[in-house]
Amino acid sequence: MKIAIPNKGRLAEPALRMLERAGVRAEQQERRLFSATSIGNVQVLFARAADIPRYVESGSADAGITGLDLVAETGCRVPVLLKLAFGRCRVVLAVPQDSAARKPGDLKGARIATKLPNIAGDYIKRKKLHAKITVVDGATEITPYLGVADAIIDHVSTGATLEMNRLRAIDTLLESQACLVARRSTPEVRELRTALEGVLLAEGKKYVMCDVSKAALKRVLAVMPAMESPTVLNLANGGYAVHSVVAEAELLRVVSELKRAGATAILVLPIERMLP
Ligand code: AMP
């Protein structure tokens, strides 16, 4: 199986890390075209994020990690099997802060600069704006000040770049994040999806273990959160070990409550994957 992942750009590192956590470690990380992985029959293909939907659609790769926006932009017919919760951004229509335009309808016949001409073209048609698209390769946000465009359609994550360039978003075209795509759902593709799902489920969670005397067990179980039920194991000394999965956000509170309830030898461990 060949998995295409971005060779550079903002999706590259997180995609590689996520695959690693799912148990697929690329042996060559210096971004050759292909790399063998820790799994015998799996190869990684390093490619431009924007080309990955096409490689998957054509069968050059069996699966790929790319952005939802890029799937839309290429118009490739590749099913999105899983959203991966990184590379989140919005594609917005923005105008200079001092523009009179308040809503998309105010941009009839305007010039719009973008790196995403297909998404922009569909939007302009849908909104009947009869606007003219100027395709740029980067730094879209400066085009209004160069007199090249009246508005832009571009990616935004925090909004800081828009702010810095004195632009204001007036509509959101789509919400994007990284995703797993595959042309066909083979057993290997399903395995990969399940492994990545396990990584997503484990995100922000820790495994907590502690020792508890017989007398304190009831109190500890009352404060130990659990996905279903905490695990209780017998210890040789007549006490118990209690294990559970705890959300990182609750960890501080849970650990101090466990201590107060009489738990000892509290261990907090990372969870790589969860497969319920
Ligand atoms: P790259 O241009 O190779 O860094 O990757 C661009 C892809 O990263 C986009 O197509 C989006 O899917 C994703 N992305 C996430 N946040 C942003 C952002 N603030 N600006 C541009 N792309 C973003």
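We count ligands from 1, going down the list as the structure has it; atoms in each ligand are counted the same way.
Few gaps surround CZ on R168; more than 12 heavy atoms of other groups in view lie less than 6.0 Å from it.
The protein non-hydrogen atom at the shortest distance from atom 10 (O) of ligand 1 is D69 OD2, 2.6 Å. Ranking protein heavy atoms by distance to atom 20 (N) of ligand 1, first place goes to H155 CB, 3.3 Å. Summary of contacts: the protein heavy atom closest to atom 6 (C) of ligand 1 is R10 CG, 4.3 Å.
To the nearest 0.5 Å, atoms CG (L196) and CG (L81) are separated by 10.0 Å.
Set against the non-hydrogen atoms of C89, the atoms of ligand 1 under 4.0 Å away are 11 (C), 14 (N), 15 (C), 16 (N), 17 (C), 23 (C). Remark: ligand 1 atoms within the under-4.0 Å shell around heavy atoms of G67 are 12 (O). The distance from ligand 1 to the heavy atoms of L70 drops below 4.0 Å at these ligand atoms: 10 (O).
No salt bridge links R17 with E20; every basic N to acidic carboxylate O contact stays at or beyond 4.0 Å. D150 has a carboxylate O that lies under 4.0 Å from a charged side-chain N of R111, or vice versa, which qualifies the two as a salt bridge. Contact check on D122 versus K125 returns no salt bridge, with no Lys/Arg side-chain nitrogen under 4.0 Å from an Asp/Glu carboxylate oxygen.
Contacts between R48 and ligand 1, counted as non-hydrogen atom pairs separated by less than 4.0 Å, are absent for every part of the residue. Within the 4.0 Å heavy-atom criterion, the part of L11 lying near ligand 1 is the side chain and not the backbone. Under 4.0 angstrom from ligand 1, the non-hydrogen atoms of S157 come from both its backbone and its side chain.
No side-chain heavy atom of K115 sits less than 4.5 Å from a side-chain heavy atom of E73. Using a 4.5 Å heavy-atom threshold, the side chains of V208 and L258 count as touching.
Counting heavy atoms only, G87 comes closest to atom 15 (C) of ligand 1 of the residues A178, G159, A72, G87.
Using a 4.0 Å threshold on non-hydrogen atoms, atom 2 (O) of ligand 1 does not count as touching the protein.
Just one residue in the list T172, D154, D171 forms a side chain to side chain donor-acceptor pair (under 3.5 Å) with R90, and that residue is T172.
Residue R88 places a heavy atom under 4.0 Å from ligand 1.
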